[in-house]
Every structure is written in structure tokens, then in C-alpha cells.
Amino acid sequence: MSRFYITTPIYYVNDAPHIGHAYPTVTADAIARWHRMLGDETMFLTGTDEHGLKIQRAAEANGVSPQEQADQTSQRFRDAWELLDISNDQFIRTTEPRHHTAVQELLTRVKENGFIEKGSYAGYYCVACEAYYNEDDLVDGTNCPIHERPAEWFEEDNYFFKLSALEAELLDWLNSDTVFPEGKRNEALGIIKLGLEDVSITRTSIDWGVPVPWDDDHVFYVWYDALINYATAVGFGADIDEFNRWWPEAHHIIGKDILRFHCVYWPAMLIAAGLQPPKQVHVSGFLLVGGKKLSKTGLTQIAPADLVEDFGVDGFRYHFLRDVSFGPDSEFSYEQMVSRYNSDLANTLGNLLSRVTTVVHKKCGGVGPTPDPESELAAVAAESYAASAAGWDKLQAPVALDAVWNLLRETNAYLERNEPWKMDEGSDEVATVMGDALEVLRLAAILASPALTRSSDAIWTAIGLTGSPSDQRLPEAASWGGYPGDLEVIKGTPLFPRLKAPDA
RNA sequence: GGCGAUGUAGCUCAGUUGGUAAGAGUGCUCGACUCAUAAUCGAGAGGUCGUGGGUUCAAGUCCCACCGUCGCUACCA
């Protein structure tokens with residue numbers, strides 16, 4: 001049996017869940033669902049990142065403790081993922097005791113291996129921003145670019161991670177098919193070529209963080225705590241055998257804004273701790289609204305719940321999986337979402353189910369016949385499965401789904417050529433054509449189930465099957481001829497009612 | 001400034017290691033059909049593959065320059 005471990009980024013709790021969070025989460029969810037159908041032992045992790053200065057300050061502003069602040073926002077992420085049928089096996093929070101244990105153990109290992117040293121960090125510090133600036137970034141050589149007031153020269157003692165000592169190991173890792181797509185791997189290589197400097201990984205100025213076990217005055221800087229969540233969740237610091245079972249299969253899904261951390265710092269930390277770097281990191285682009293990064297537009301009010309109201313859970317999931325390809329940035333568009341829903345879900349799939357169930361009722365007495373083993377659609381279905389499986393394997397949901405829709409389009413054309421509605425009721429020929437169509441719907445329900453968590457079940461039931469397509473095992477269930485026939489076919493209301501275009 | 005990414009039909013995008021006369025979906029036009037959610041099927045129009053050079057028997061696919069857009073330039077999640 002194979003094992004598969006997939007993670008989303010953990011989301012920072014200073015921000016409410018929006019579609020920029022939902023996209024990678026839905027993607028990881030669909031991939032996890034696919035692997036479960038393959039029979040893989042699957043672990044799917046998401047969660048929240050809860051330490052750091054921003055949280056501490058947000059809590060102060062709201063008059064609550066940092067923990068209360070984190071609790072509230074973390075719950076909003078849980079709610080959002082429940083709404084979207086996210087099937088995560090775990091939801092990790094960096095404030096959990098098990099995570100503190102894991103962080104302390106992992107970084108202690110790094111220290112014992114000689115990769116952590118004490119030093120001091122010095123630079124121009126803007127108190128209003130609570131951040132350091134490079135001299136080059138200062139306006140007129142002295143002023144903070146945001147607050148336009150003088151930044152002060154600060155020095156603080158920090159512990160430093162000796163990143164610079166790991167260049168060779170990092171290059172090896174990056175050159176062994178680990179970071180996708182290719183362009184993002186090159187960006188990571190570019191970061192290394194610019195020269196690696198040691199990084200400060202602790203803070204004395206705040207206390208909302210994981211304490212440094214060997215020095216009470218310090219907490220770990222939030223990033224070096226956050227990354228370790230992926231290890232905590234599968235047992236690091238608690239059950240090393242469990243960790244060793246899962247860790248070699250770790251696949252991270254991230255956004256390009258955190259590439260540096262996941263493709264340089266994180267593998268370096270793991271190597272320094274004597275552990276394996278992640279198996280794969282898949283980097284997505286940004287979702288843009290009006291050409292701007294979502295989190296910078298103030299349009300984060302595009303809440304998943306609002307879109308679910310208009311498109312349903314499946315409509316929401318399908319749009320992001322089908323239209324947003326991994327790698328490049330892509331523009332979010334409500335109009336595009338409507339167009340995709342109508343053409344793929346309402347017209348191609350939903351309408352196919354409607355016409356098939358109707359004809360089965362008119363010509364086959366409402367009982368689904370068996371498919372023809374020699375059907376011309378069998379080859380199309382085999383091709384569709386192969387392409388879809390290849391797409392999921394590369395974490396390319398648009399490719400995987402397009403392959404399924406290709407089969408659906410071919411089936412609409414097949415019906416058009418054969419015109420079963422003109423055939424004699426109860427004849428062998430109409431039984432053959434409709435059996436084939438029902439078999440395609442069975443296959444489509446299975447192959448689309450990672451995306452359409454609800455309507456795939458509805459299709460399954462409508463063609464008379466029991467259970468759920470998501471319980472089927474691949475690849476066996478994808479071979480032609482699995483529809484048993486002699487089942488009662490139910491003619492229901494349209495699965496995906498067409499939507500009107502907005503302000504048309 | 002330095003490094004890097006990207007620019008293919010109206011729109012969203014595919015285009016492996018350079019090689020049959022450039023593709024898909026959607027949109028548009030025309031036709032067919034009427035089982036079906038004004039759905040479906042067929043046909044067609046539509047691209048000098050950002051611009052200009054170069055390498056090659058052959059380039060969207062490699063090299064150079066330029067233009068446009070975007071990102072990174074380190075502790076801001």
C-alpha cells in the first residue's frame with residue numbers, strides 16, 4: 001500500500017478566510033480525495049499559524065488575550081473548510097502543546113548539530129512598523145518608507161541559523177525533482193545563487209511564541225515555528241515511528257509568496273536537524289482581483305460563503321479546480337465563474353443526466369440497461385481515465401477535470417448520432433445506447449468526485465447505484481462496463497440549474 | 001540597479017527533447033435536432049504565436065536586443 005501526505009499552508013489568524021485561502025485548500029482536498037480512491041493511506045493536513053507580533057498586537061487592540069484572538073479566527077477557518085467539504089484528517093494549530101514540543105525538539109537538534117549560533121542583529125528599526133529596514137529602503141537615508149519618520153538604529157541579541165553552510169545540500173535537493181512547476185524551482189535556485197546569509201530565528205522583543213528551550217529570554221521567530229507544523233502533525237516530537245512512516249511522502253502546497261521559506265529555509269532546517277527535506281513542494285500563483293493580489297486589494301470580503309450561496313459547494317470547488325492552473329497568477333472573475341458553471345456543470349454534465357434519465361424512462365421503462373462491452377465509448381473512457389489520473393498525479397486539477405469533460409462531450413455527441421429517443425421502446429438498440437450513457441455517468445461520478453463532492457453522489461443515486469462514488473477503488477472502478485444494469489433510474493430536478501449572467 | 005518570470009484566436013488557457021499546412025474550451029455566425037436545464041450536435045469565421053534580428057534544412061519551441069506586464073532583492077505570514 002502506498003502512502004500519501006499532503007499539506008496546505010497553515011493560515012495566519014490575523015485575516016479572515018477568503019478565496020485566496022480556499023483555492024489551495026480545495027486543491028489539496030481534491031488531491032487527497034483522489035489518493036483515497038486509489039487506495040493510498042492518506043494524510044491531509046491544514047491548520048492555522050497563530051504566533052507572532054501581529055497576533056499579539058491584534059489581540060491588544062481587541063482587548064483580548066492572544067490565545068483568545070487565535071481561538072476566534074482559527075475557528076473561522078474550521079468553519080470555512082467545513083462549508084467547502086474539505087476532508088482534512090487533521091487541523092493543526094501552532095499553539096498546541098504538541099507543536100511546542102516538536103518545535104523545541106527539532107530546533108534543539110539543529111543546534112546540537114552545530115547550525116545555530118548566537119549573534120546580534122542590527123539595523124534600522126521603525127518603531128511604528130516594528131520592523132527592520134535595509135538602508136537602501138529608507139527614504140532620504142533615514143526615514144521609514146511607510147511612516148516617513150526616522151528609523152532608529154537597533155541591535156538585539158538573536159540566535160542565528162547557519163543557512164549559509166547548507167548551500168550544497170539545498171542545491172542537491174532542488175535538483176532532484178522536488179519543486180514544481182519548473183519556473184518556481186528556478187526562482188528558488190535564484191535565491192540561492194544570490195548568496196545565502198544566516199538568518200535570525202529568535203526574538204526577545206515579544207513573548208507570543210514558542211520559548212527557546214536553551215534561553216528563557218527568547219522565543220522562536222514565528223516562521224521557524226510555523227514551518228515545523230508539517231512535522232508535528234505526523235508525530236515529530238511525540239512518536240518518531242509515526243513520523244518516519246509519513247514524512248518521506250510529504251507534499252506541500254504553497255503560494256508563491258512563501259516560496260523562500262518552503263523551498264530554501266525549510267529544507268535547510270530539516271537537513272540541519274538530520275531529517276529528510278520534503279518530497280515535493282508545489283507552488284501556486286496568486287489569485288488576482290482587478291490585477292492586484294487579493295490580500296492587498298481590500299477585496300478580501302469575497303468570502304467563500306457568499307460564492308457558495310450563488311454557486312453551491314460544487315460550483316465553487318469546480319471553478320477553482322478547473323480554471324485556476326497551478327503556477328501562474330490568475331485573475332478571479334465572477335463572470336468567468338458563471339460561464340464555467342453554465343457550460344460545464346449545467347449544460348454538459350447536468351443536462352446529460354437529465355436527457356439520459358428522461359429517455360430511460362420513456363424508452364426503457366425507467367430501468368437502466370447494461371452497457372455494451374464493445375461500445376465505441378469504451379476507448380474514450382479509457383483515455384479519459386488515463387489522462388485524468390496523469391493530471392491528478394501532477395497535481396494539475398484542470399487537466400484532470402478537462403479529461404473527464406471530454407468524455408461527457410463525446411457522450412453528448414454519441415447520443416446525437418444514435419438518436420435513442422427515436423428508437424422503439426424496449427428495443428435492444430435503445431438499451432445498448434442508454435446502457436452506454438449510464439455507464440459514462442457512472443464513470444463521471446467517480447472521476448469527478450474529488451471536485452464535485454455532492455453532485456457526484458447525486459448522479460450515483462440517480463442512475464440507481466447505492467453507496468458513494470468516492471468509496472470506489474481505482475483503477476478497477478474506472479474500467480468500462482461497471483454499470484450493472486437492471487437498476488431503477490430516477491428522473492429528478494436539474495442538478496445544476498443554469499445561472500443568469502450578472503448585470504447582462 | 002541586479003536577478004527572474006511572462007507576453008499564443010474576443011475571453012481563459014494547452015502547446016513534451018525545435019519538424020505533418022498552429023490547438024482546446026468559451027464567445028460569435030450559419031445549419032441540424034427537439035430526449036434534455038433556450039440545453040445538444042455539426043459546420044464556419046477568427047491568430048504575421050509582443051517587436052526586430054540571429055542560429056538551423058526546419059523555431060511558438062534555441063540565442064541576442066528591445067517593448068509591455070509582474071515578481072524577488074532576505075527576516076513583512
Side-chain angles (χ1 to χ4, degrees), chain A residues 9-15 48-55 94 121 123 129-134 136-137 146 158 160-161 163 181-184 186-191 193-201 203 221-227 255-261 264-265 285-286 288 291-293 295 322-325 327-331 333 335-336 339-340 342-363 396 398-399 402 405-406 409 411-417 419-423 430 434 437 491 493-499:
Chain A
I10 52 173
Y11 303 110
Y12 205 54
V13 293
N14 70 335
D15 198 3
T48 43
D49 181 11
E50 308 186 354
H51 289 130
L53 187 59
K54 280 191 186 176
I55 306 305
T94 56
Y121 190 87
C129 297
E130 300 221 45
Y132 284 100
Y133 284 96
N134 291 323
D136 294 345
D137 294 332
I146 293 172
N158 286 138
F160 281 76
F161 172 47
L163 183 64
E182 189 76 12
K184 301 301 181 194
N186 289 336
E187 281 190 31
L189 287 169
I191 289 168
K193 279 179 195 151
L194 285 174
L196 294 174
E197 289 181 21
D198 297 341
V199 292
S200 138
I201 61 169
R203 292 289 183 276
Y221 174 56
V222 61
W223 260 113
Y224 301 90
D225 132 30
L227 289 163
K256 68 177 184 181
D257 52 334
I258 52 179
L259 180 146
R260 168 185 299 277
F261 293 95
V264 180
Y265 297 174
F286 289 146
L288 310 176
K292 290 182 178 171
K293 186 187 171 187
S295 59
R322 175 61 186 80
D323 282 322
V324 183
S325 69
D329 291 350
S330 65
E331 188 77 24
S333 146
E335 291 71 20
Q336 167 71 10
S339 157
R340 180 62 74 184
N342 281 338
S343 70
D344 285 15
L345 298 182
N347 297 351
T348 303
L349 174 58
N351 182 57
L352 177 63
L353 178 67
S354 291
R355 65 197 307 210
V356 167
T357 55
T358 297
V359 176
V360 168
H361 271 262
K362 288 190 176 176
K363 299 290 182 179
Q396 291 176 349
V399 173
D402 186 55
W405 260 256
N406 190 48
R409 285 188 290 268
T411 304
N412 273 320
Y414 173 79
L415 291 179
E416 217 57 45
R417 284 195 301 276
E419 302 184 306
W421 45 88
K422 288 184 177 173
M423 294 173 173
V430 79
M434 297 320 293
K491 177 156 176 53
T493 53
L495 209 49
F496 302 102
R498 273 184 69 87
L499 298 172

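The analysis underlying the following values was restricted to heavy atoms, covering all of them including side chains, and did not include hydrogens, waters or symmetry mates. Everything numeric here is computed off the predicted structure, so don't read it as measured data. Just so it is clear: chains get the letters A, B, ... in the order the sequence lines come, proteins before strands, and each one is counted from 1.
At the heavy-atom level, A/A346 lies under 4.0 Å from base atoms of the strands shown. Nucleic acid contact for A/L196: base, since at least one base atom lies under 4.0 Å from a heavy atom of the residue. The residue A/L352 sits apart from the nucleic acid: no heavy atom pair falls under 4.0 Å. Within 4.0 Å of A/G190, counting heavy atoms only, lies no atom of the nucleic acid at all. Base engagement by A/D198 is indicated by at least one non-hydrogen atom pair under 4.0 Å involving a base atom. Within 4.0 Å of A/Y11, counting heavy atoms only, lies no atom of the nucleic acid at all. Residue A/N351 is in base contact, counting any heavy-atom pair closer than 4.0 Å across all strands shown. Within 4.0 Å (heavy atoms only), A/V222 reaches sugar-phosphate atoms of the nucleic acid but no base atom. Residue contacts shown for A/S354 include a base, since a base heavy atom lies under 4.0 Å away. Residue contacts for A/R417: at a heavy-atom cut-off of 4.0 Å it reaches no nucleic acid atom on any strand shown. Across all strands, A/S339 comes closer than 4.0 Å only to sugar-phosphate atoms, never to a base (heavy-atom distances).
A/I201 contributes atom CD1, which lies 12.0 Å from atom OH of A/Y265 (distance to the nearest 0.5 angstrom). One finds the CZ atom of A/R355 at 10.0 Å from the OG1 atom of A/T411 (value rounded to the nearest 0.5 Å). To the nearest 0.5 Å, atoms CG (A/L345) and CZ (A/R498) are separated by 11.5 Å.
Rounded to an integer number of Å, the gap from CG of A/L495 to C1' of B/A39 is 14 Å. Atom-to-atom, CG of A/N342 to C1' of B/U12 comes out at 16 Å; the value is rounded to the nearest Å. Taking atom CD of A/Q396 as the reference point, atom C1' of B/C13 lies 13 Å away to the nearest angstrom. Between A/E419 atom CD and B/C41 atom P the separation is 14 Å, expressed in whole Å. Distance, A/R498 CZ to B/A36 P: 17 Å, rounded to whole Å. Between A/L259 atom CG and B/U73 atom P there is a gap of 11 Å when expressed in whole angstrom units. Rounded to whole Å, atom P of B/C11 lies 12 Å from atom CD of A/Q336. In this entry the distance linking NZ of A/K363 with P of B/U34 reads 12 Å, nearest Å.
Using a 4.5 Å heavy-atom threshold, the side chains of A/Y221 and A/N158 count as separate. Contact check for A/L163 versus A/E197: no side-chain heavy atoms found under the 4.5 Å cut-off.
A/K363 places a side-chain N or O within 3.5 Å of a backbone atom of A/M423 that can act as its donor or acceptor partner.
Distance from the side chain of A/R340 is smallest to B/G25 among B/C41, B/G25, B/C75. For A/N347, counting side-chain heavy atoms from C-beta on, the closest listed nucleotide (B/A36, B/U37, B/A39) is B/A39. Among the nucleotides B/C33, B/G42, B/A36, the one closest to the side chain of A/A413 is B/G42.
Comparing A/D344 and A/Y265 by the nucleotide of RNA chain B that holds the closest heavy atom to each, the one mapping nearer the 5' end is A/D344.
For RNA chain B, each stem of at least three Watson-Crick or G-U pairs (distances under 3.5 Å) is given as range with range: B:1-7 with B:67-73, B:10-13 with B:23-26, B:28-32 with B:40-44, B:50-54 with B:62-66.
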